[in-house]
Amino acid sequence: MNDMYPVFGVGSVPIKVVSKVLDMKPDTIRNKMEDGTLDLGIIYKARKKRGKRAYRNTYISPKKLYELTGYVWKGETDEDSEASPTQTA
């Protein structure tokens, strides 16, 4: 494969960062991932913790986010990141 990709940060891209990049609410992103209309990674329902609220665990792939938007996740924290696409040559 000759595709050249930038170096990505380790781990999942935080949902807050993806929300800024895609200009969507986090629940909208999770719902679209769950119904298959947004392929950014893996989402699955987790066991209920306290009470009756259902939780969904997500893994958002830095590579898939880059392929969709051009945004390069470098592993910075939510507060330090600026959610703007990085142009590559």
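Within a 6.0 Å radius of OH in Tyr44, no more than 12 heavy atoms belonging to other residues, nucleotides or ligands are found. Taking a 6.0 Å sphere around NZ of Lys64, one finds it holds more than 12 heavy atoms contributed by other residues, nucleotides or ligands.
Side-chain contact between Val18 and Thr69 is absent, with no heavy-atom pair separated by less than 4.5 Å. For the pair Thr58/Leu40, no side-chain contact is recorded, criterion being any heavy-atom separation below 4.5 Å from C-beta on. You'll find the side chain of Leu22 stays beyond 4.5 Å of the side chain of Thr28, heavy atoms only.
With rounding to the nearest 0.5 Å, the separation of CE in Met33 from CG in Asp39 is 8.0 Å. Once rounded to the nearest 0.5 Å, the distance linking CD1 of Ile29 with CG of Asp23 reads 9.5 Å. With rounding to the nearest 0.5 angstrom, the CG atom of Asn31 is 7.5 Å from the CD1 atom of Ile43.
Cluster membership for Val72 and Tyr5, using ILVMFWY side-chain heavy atoms within less than 4.5 angstrom, is shared.
When all heavy atoms of Pro26 and Ser19 are compared, the closest pair comes out as CD-OG, 3.6 Å. Of all the heavy atoms in Ile15 and Arg30, the pair that sits closest is CG2-NH2, 3.5 Å. The two atoms that bring Tyr59 and Gly11 nearest to each other are CE1-C, 3.9 Å, heavy atoms only. Annotation for Ile60 and Ser12: closest pair N-OG, 2.9 Å, computed over non-hydrogen atoms.
Applying the salt bridge (Lys or Arg N to Asp or Glu O under 4.0 Å) rule to Lys32 yields no partners; only residues at least two apart in sequence or on another chain are considered.
Counting only residues at least two apart or on different chains, the ring-ring contact (aromatic ring centres under 6.0 Å, His included) pairs with a member in residues 6-42 are Phe8-Tyr66.
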